[in-house]
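Note sheet for the following structure.
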Amino acid sequence: MTAPDLQDAPANAKKRHRFDSVQTNRERFMKTNRMIAAAAVALMLGGATTTFAADPVKIGMITTLSTGAGYLGEDVRDGFLLAVAEEGGKLGGTDVEVLVEDDGRKPGNGKQIADKFLEKDKVEIMTGVIFSNITPVVVPLTMKAGVFYISPNSAPSIFAGEGCNEDYFVASWQNDSLHESAGVYANELGYKNAYILAPNYQAGKDSLAGFKRYFKGDIAGETYTKLGPTDYAAEIAKIRAANPDMVFHFLPGGMGINFLKQYSQAGLKDTYPLVVSTASMDERIMGAVKDAAVGVRSTSHWNLAQDNAANKKFVDGFKEAYGRNPTVYASQGYDTAKLIASALKATGGKVLDAKDEFRAALKKADFESVRGEFKFANNNHPINNWIGQVVEKDADGNIVNSIVEVVSPNHKDAYADKCALK
Amino acid sequence: MLLFFEQLLNGIQLGVFLFLIAAGLTLIFGIMGVINLAHGSLFMVGAYAAAAATEWTGSFALGIVIALIVSGLVGILMELVVMRRLYDRDHLDQVLATFGLILFANELMTILFGRTPLFLNVPAILNGAVEILPGVQYPLYRLAIIAMGILVALILYVIITKTRAGMLIRAGSTNRDMVAVLGVDIALMFTLLFGLGAVFAGFAGAMAGPLISVEVGMGEQQLILAFVVIVIGGIGSVRGALVGALLVGVVDTLGRAFLPDLLKLFMDPASADGIGAGLSSMSIYIVMAIVLVFKPSGLFPVAAAGR
Amino acid sequence: MGSIRTSVLALAALVFALLVPQILSYYGEDYLIGSASRIAIYALAAMSLNLILGYGGMISFGHAAYFGVGAYVVGIASFHLFDGSTIFGFGGTDAALLSWTLAVIVSALVALVLGALSLRTSGVYFIMITLAFAQMLYFLFVSLEQYGGDDGVIMYNGRNTLPGLDLSDDTTFYYVCLAFLVAFTVLVALLIRSRFGKVLQACRQNEDRMRALGCKVEHYKLATFVLAGAAAGLAGALNGNHAEYVSPDYLHWTKSGDLMIMVILGGIGTLFGPIVGAAAFLLLEEFLPVLFDTANLTEYKEHWRIVFGPLLILVVLFARGGLLGTLATIGGRNER
């Protein structure tokens, strides 16, 4: 840590904060894995004494930890903190302090936390938002404050085209691409007509639009479901009556679990196969429905079994620290942290003191992503290679999501051309 | 036409499912006169207990039995610690306290089980579908739910109207002091009654487990619907709860099934889908409002329990 | 009520409220002014609910509907101004005087219609029918695609404009919210002492007797319901401005529940109870997690509700009459 970092930081109680945060991150791991607790304590003590040297870079994470969707935020956070822990409380050699707050999936709470992070805590980087209805509240505030925002998940279209911003980066995907890739995969599989359904909200409508943008077949039927309903009997009957080749849906989290359980019980899973995006088929959904997931196809930019060194390290580290398989959300949280680390390394730990350098370093994306290659399009959204996957039962009886093929390589989102950034 | 009958059956099945949830509420809210917002939490406890026990024992039947015991015990504990102090309070105090219980229960479950939804599947014996109409396969498990709903309705009806305990319950809820004077341990009776309501809630949760995601907060989504059901039916009336549940189930299902297509007859498809979805979400509340405007005490008013 | 002691306390509280921005900035916690505005806004909404709940004896479980309608009026007006489009032939506006007045009128009208229908029922049925109407409005706004559906409306133009005042300044905005709260408190205080208020409270205690006395009970109740709806609409309009964002979340039944809990928590049927309740509720929500940090329990911080829940239960069990009632008892005298 170099001297310039200290010059404009009031040397007051902030140091105490920083000690707390290092402790915080460690404690989280201790909670989930008692086995490494002793080692963590040793690290913590060691880390705490050596990191008093300078003020850490503050990163504000607004995420969703409560409600039924809480596991999405939990995984983004845990993935992110794993990357921080790997470096012993640092990212790219720079001390960081990660402040995590739960937005309860409410935009109003998101705004309040953003105000606090930006005005009180003076964070230099913001991240963490899970849901597309909270992003439009948090991102404009962050941009107004001149702070960087790096999304680990949601990336609605309004910030991808004309509304793009040089300080707004996305480490996951543009929302529509998730579903566009499912459309590509459906073509690849030779399906000629599809029944599509999604909840009656904006992200749901976008998902159907995204699927249709690339799907070349006919639409056998289209249904908007209620938000968070628990019974899908009526929709399932409609699917059967429409007799499609396949079904696409965007029902993330609990909604997807409800649907899958009922769909497979109705005996339709094999008659009308499902092709969905990764949001509707993650590791936790697989765990909650087990056999009912077998045969479901999905597209993702990341897979648990992806064969690269970064991913092996991530998956092993995650399992050891938290005792469960990482989801795609965890991989995104981890990548977000690694992206930040690469930029911090390039600027020697400066963020807002060297905005241009930091921005340029982010854009270079010079890090080993768990998804393999990682590069940004002109609008600061990644150009992903979308993989087709199918859920299978392996030799040991485990339910796994296997890679089939790359279905849409170098997939640039539909809005990039409208963005004025280079 | 075939589709219509299938959807009607789906509606009835949803109605019976809602009745299962509302059955316990009929006892606690309808007869004891206590507003228990945490009824949804008992539903969640039942589902979690069933999922964990089924995983542990490998038997769904055993899972259900354990779920009944656990939710009954949790209910009794809840009554002893909190609820019994609320009987003589007004509804608002009950709302605040039981809201506190919801927060506590949800957070406790998150700490105990984490945020990953638990696995619970249909038992092998009830897996699969039967052809109930030509070309229409209907899941066996949903038929089982209908059977269970009818069974619970009968049990409840018999308990309340035909047994001595039911007589005391009805008398006790009308005039606590009078029954107490007659030498009945009314406190114990209410504890057991609340426990029984909790057992019903837990049973509904356990039965729902294979159909829906077993996750924290799963009860709150059902809670409001359960209240709607018993208010439409007339608070305290078992028959009313059953009719209310069927009405809500059928209206909701048929709304989801046919409203968008109906609207497409006279508007463009895109807005018909959106408005149809919105209208069908509203439908049960519209039904409730209409019922209450014309029958301010529900379809089957019960004289004793009104407020 | 009306004792010198109460007046002195109220005055002290007002002075404190006026000094909040200065106190916060003295401690370098300026960012908390937003939270203070939020407390004032929710106190206004809770006070309007208390009018029907506490004084009128009408347990409405749908008060968020009016809060949300008021907010949406402001949000929609702002949306059309930004968009350049029209609604019913009128363009949008971000003039506070116009859109706030409109918010009050529209929510009062909605309250008039829904109140007239709801008041046909009573008791638990009243609770549920008000809930039903609020849910209908909630789903109505969810399906309004033009206004973002479930995602809501972002006020890209920022807060409304008021001649001579800069509402985008958080301190100014706080004082505006506070002014409305104080004005409404005075209005309620006058109202409950007036003949109207006496009749209303008599209706709550014994409706049949009042009816036998030839009093048109329904009219009194409906008038109160409409007034409460209008004030909640104003609070909603303010909250829309505060967040610069409006969504169906404002009308969700849990929001109605929150408002109800604020009223009960503070002390139902008391003038200042809703203010105390709103402040306690929002402050706990914001600072309970922080307390976990202080107590070195950071790993359980996200589970702060495990303390919040039992706290609410304790208030019900041991603090009869809510926080205000308890404070009064501790002070040696009973408020009411």
Side-chain angles (χ1 to χ4, degrees), chain A residues 31-32 65-75 199-201 204-205 208 221-238 240-242 253-262 264-268 271 283-292 322-324 327, chain B residues 2-3 6-7 9-11 13-14 17-18 51 106-107 110 114-122 126-129 135-142 208-218 220-222 225 249 252-258 260-261 269-270 273-274 276-278 280-281:
Chain A
K31 176 185 156 197
T32 41
L65 296 172
S66 46
T67 79
Y71 79 79
L72 278 65
E74 181 179 47
D75 270 8
N200 186 29
Y201 60 13
K205 287 170 185 159
L208 297 192
E222 189 170 337
T223 292
Y224 289 105
T225 65
K226 286 199 262 184
L227 274 170
T230 46
D231 181 77
Y232 285 102
E235 288 77 11
I236 288 170
K238 278 168 94 172
R240 182 177 14 221
M255 286 190 282
I257 296 172
N258 295 341
F259 181 83
L260 260 177
K261 281 183 173 182
Q262 297 171 28
S264 115
Q265 280 161 32
L268 298 192
T271 326
E283 289 284 322
R284 298 222 203 184
I285 294 179
M286 281 156 58
V289 304
K290 298 206 171 142
D291 286 3
Y322 305 108
R324 60 175 195 268
T327 59
Chain B
L2 209 57
L3 183 62
E6 188 188 353
Q7 297 290 26
L9 183 61
N10 282 334
Q13 189 272 324
L14 177 62
F17 174 66
L18 290 175
N106 280 348
E107 221 46 65
T110 308
R115 294 184 177 90
T116 307
L118 296 196
F119 170 73
L120 182 58
N121 208 353
V122 174
L126 292 175
N127 210 349
V136 174
Q137 297 282 326
Y138 208 75
L140 206 54
Y141 191 74
R142 285 182 187 263
L211 278 179
I212 65 176
S213 178
V214 181
E215 62 188 18
V216 169
M218 63 187 289
E220 277 80 82
Q221 297 171 5
Q222 316 293 342
L225 286 182
D252 184 67
T253 303
L254 294 186
R256 280 185 291 147
F258 298 113
D261 294 332
D273 280 330
S280 64
S281 305

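Owing to the predicted nature of the structure, the values given are computational and were not obtained by experimental measurement.
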Chain B contacts, top residue of A:Gly267, A:Ala69, A:Gly254 (heavy-atom pairs, under 4.5 Å): A:Gly254
Among B:Met218, B:Gln222, B:Glu220, B:Arg142, residue most engaged with chain A (heavy-atom pairs, under 4.5 Å): B:Arg142
Largest heavy-atom contact set with chain B, pairs under 4.5 Å, which of A:Ala234, A:Ala292, A:Gly70: A:Ala234
Shortest non-hydrogen contact from A:Ile257 toward B:Pro117: CD1-CG, 3.4 Å
Contacting moiety of B:Asp252, where chain A heavy atoms sit under 4.5 Å: side chain
Flag for B:Thr116-A:Arg284: side-chain donor and acceptor within less than 3.5 Å: yes
Segment of B:Ile212 engaging chain A (4.5 angstrom heavy-atom cut-off): both
Partner of B:Arg256 under side-chain contact (heavy atoms from CB on, under 4.5 Å), chosen from A:Asp231, A:Thr225, A:Thr223: A:Asp231
Interface moiety of A:Leu268 toward chain B, non-hydrogen atoms closer than 4.5 Å: neither
B:Gln137, part contacting chain A, at a heavy-atom distance under 4.5 Å: both
Gap separating the CD1 atom of A:Ile285 from the NZ atom of A:Lys261, nearest 0.5 angstrom: 11.5 Å
Any donor-acceptor N or O pair under 3.5 Å, side chains B:Asn10, B:Gln13: no
Residue pair A:Tyr232 / A:Asn258: nearest heavy atoms and the distance that separates them: CE1-CB, 3.8 Å
Contact origin within B:Glu107 toward chain A - heavy atom pairs under 4.5 Å: neither
Contacting region of B:Thr110 [heavy-atom separation from chain A under 4.5 Å]: neither
Non-hydrogen atoms of A:Val289 and B:Asn121 that approach each other most closely: O-ND2, 4.4 Å
Residue part contacting chain A, namely of B:Leu211, when any heavy atom lies under 4.5 Å: both
